Amino acid sequence: MSDLDGTLLRPDATLGERTVQVVNDLVARGGLFTYATARSFTSASRVTAGLDLQLPVITYAGAVIVDPRSGALREVASLPPEAVLAVQQATSASASVQPILFAMHGGRDRVCWLRKHTNRFVEGFLSHRRDDPRLFPLDSWAELDEGSVFYVSIIGEQGPLQDLQESLNAQLGRCHVVFAEDIYSPGEYWLEITSATGTKAAALQTIRRELEVHQLVCFGDNHNDLPMFATADVSLAVANAVPEVRHTATEIIGTNATEGVAEWLARHASQRRTAPGEPEGDDPPLGRLQSSLRQRHA
């Protein structure tokens with residue numbers, strides 16, 4: 001299981017040729033590989049178009065699990081309505097902090113914001129998504145069912161966002177909150193809120209139970225990967241990861257610029273091919289996982 005931005009993707013937010021080759025070869029040989037990202041599936045599917053993924057993918061920081069072949073939403077972890085109302089009220093009179101709410105509406109995920117209360121951060125977010133079918137501007141939050149919201153993103157400067165987070169702490173007890181600097185836009189910060197059951201770790205456990213996986217290897221670089229690392233048997237931080245992630249990891253691998261995930265997979269997840277009758281040697285961890293799954297499904 002790999003994070004995307006800062007981990008599997010290169011610094012320019014693209015997949016390297018080596019990564020595509022290694023991952024697709026792994027999947028073709030029966031290996032289990034998928035991703036967990038704060039991106040929506042709409043956004044993630046664009047940057048991972050070269051990958052032949054078969055397993056469910058984790059999007060919106062764990063709030064939504066998606067079938068990568070059909071794009072169908074498999075599970076959605078909604079936020080507590082009282083947390084959504086608290087965010088709306090706390091930002092109602094502010095120009096510096098305006099939330100973007102992601103909600104289920106009309107059978108699909110939607111990007112919702114108040115069209116008359118945008119700021120430069122909201123406009124910057126929208127400027128890259130002008131043709132996005134998820135866009136759903138509102139004149140009032142009353143047009144949106146609070147119970148349909150599964151992800152809140154607030155973009156801004158560090159100080160105002162920290163102040164907002166502190167003011168909301170009491171109302172966000174049943175939520176998972178991540179505050180981090182944007183890796184592509186230094187000086188720009190994101191406050192992301194999902195339900196306690198809408199984290200990468202929670203979604204990962206759902207997929208793990210479904211597949212009856214015995215060993216889990218995770219790759220990551222940022223704060224929202226820490227809960228995922230806590231559930232992993234092996235946690236691998238790319239060398240460009242933030243200090244907290246590097247200190248928590250089982251091992252530090254190459255940077256995303258050098259396609260560190262692909263290089264690790266090429267070394268550790270390759271199957272040792274043996275001639276008929278030749279005894280098998282000690283398979284690497286992912287090799288053993290692939291072998292056990294093939295035997296179970298035979």
Side-chain angles (χ1 to χ4, degrees), residues 1-62 64-72 109 125 128-129 131-132 134 180-186 190 200 203-204 207 216-225 228-229 232 234-242 245-246 249 251-271 284 286 289-290:
M1 175 71 69
S2 179
D3 171 58
L4 289 184
D5 293 282
T7 305
L8 193 67
L9 300 180
R10 296 179 294 187
D12 64 354
T14 64
L15 285 175
E17 293 182 6
R18 175 69 168 157
T19 297
V20 173
Q21 174 192 355
V22 169
V23 170
N24 285 347
D25 181 61
L26 174 65
V27 173
R29 289 185 286 106
L32 302 180
F33 183 90
T34 187
Y35 64 75
T37 180
R39 290 175 180 252
S40 67
F41 181 68
T42 300
S43 173
S45 61
R46 293 193 192 108
V47 295
T48 60
L51 300 182
D52 183 22
L53 299 178
Q54 307 296 318
L55 301 183
V57 297
I58 296 170
T59 64
Y60 287 112
V64 180
I65 301 175
V66 183
D67 184 314
R69 292 159 294 185
S70 67
D109 53 325
F125 176 88
H128 301 291
R129 296 165 175 81
D131 298 323
D132 194 322
R134 298 174 300 147
E181 187 174 18
D182 191 304
I183 64 172
Y184 300 118
S185 302
W190 292 60
K200 287 184 179 182
L204 186 51
I207 295 174
L216 174 63
V217 178
C218 289
F219 304 88
D221 77 302
N222 218 326
H223 298 91
N224 65 356
D225 296 317
M228 185 169 70
F229 272 23
V234 179
S235 55
L236 303 171
V238 285
N240 53 283
V242 298
V245 173
R246 294 200 305 272
E251 179 186 341
I252 298 174
I253 62 174
T255 67
N256 66 327
T258 60
E259 301 185 67
V261 173
E263 291 308 314
W264 191 94
L265 289 173
R267 290 195 308 272
H268 295 273
S270 58
Q271 287 282 97
L286 287 182
L289 176 59
Q290 295 165 18

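Computation of the quantities below employed the complete heavy-atom set of this structure, encompassing side-chain atoms and omitting hydrogens, waters and symmetry-equivalent molecules. Numbering of residues begins at 1 and proceeds along the displayed sequence. Note that the structure is predicted; figures quoted are calculated from it, not measured.
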Any salt bridge (Lys or Arg N to Asp or Glu O under 4.0 Å) involving residues 37-49? Give me the pairs, sequence neighbours left out, ordered by first then second residue.
Asp5-Arg39
Can you name the side-chain contact (heavy atoms from CB on, under 4.5 Å) partners of Ala72, sequence neighbours left out?
Ser70
Distance, nearest 0.5 Å, that separates OG1 of Thr42 from CG of Asp132:
5.5 Å
Give me the one residue out of Leu26, Leu55, Val27 that meets side-chain contact (heavy atoms from CB on, under 4.5 Å) with Leu32.
Leu55
Quick one: does Val242's side chain get under 4.5 Å of Asn222's, heavy atoms only?
yes
Could you note down all residue pairs passing ring-ring contact (aromatic ring centres under 6.0 Å, His included) where residues 23-47 supplies at least one of them, sequence neighbours left out?
none
Between the NZ atom in Lys200 and the OG1 atom in Thr59, the distance rounded to the nearest 0.5 Å is 11.0 Å
Answer yes or no: is there a side-chain heavy-atom contact under 4.5 Å between Thr19 and Val261?
no
Residues in salt bridge (charged side-chain N to carboxylate O under 4.0 Å, His left out) with Asp221, at least two apart?
none
Across all chains, not counting sequence neighbours, the salt bridge (charged side-chain N to carboxylate O under 4.0 Å, His left out) partners of Asp52 are none
Just jot down the side-chain contact (heavy atoms from CB on, under 4.5 Å) partners of Ala203, sequence neighbours excluded, or say none.
Ile58, Ile65
Correct closest heavy-atom pair for Asn256 and Thr7 would be CB-O, 3.3 Å
Under a 3.5 Å cutoff, is there a donor and acceptor pairing between the side chains of Ser43 and Ser40?
no
Mind checking the CH2-CD1 spacing from Trp264 to Ile252? Nearest 0.5 Å is all I need.
15.0 Å
Working to the nearest 0.5 Å, report the span between CG of Asp225 and CE of Met1.
11.0 Å
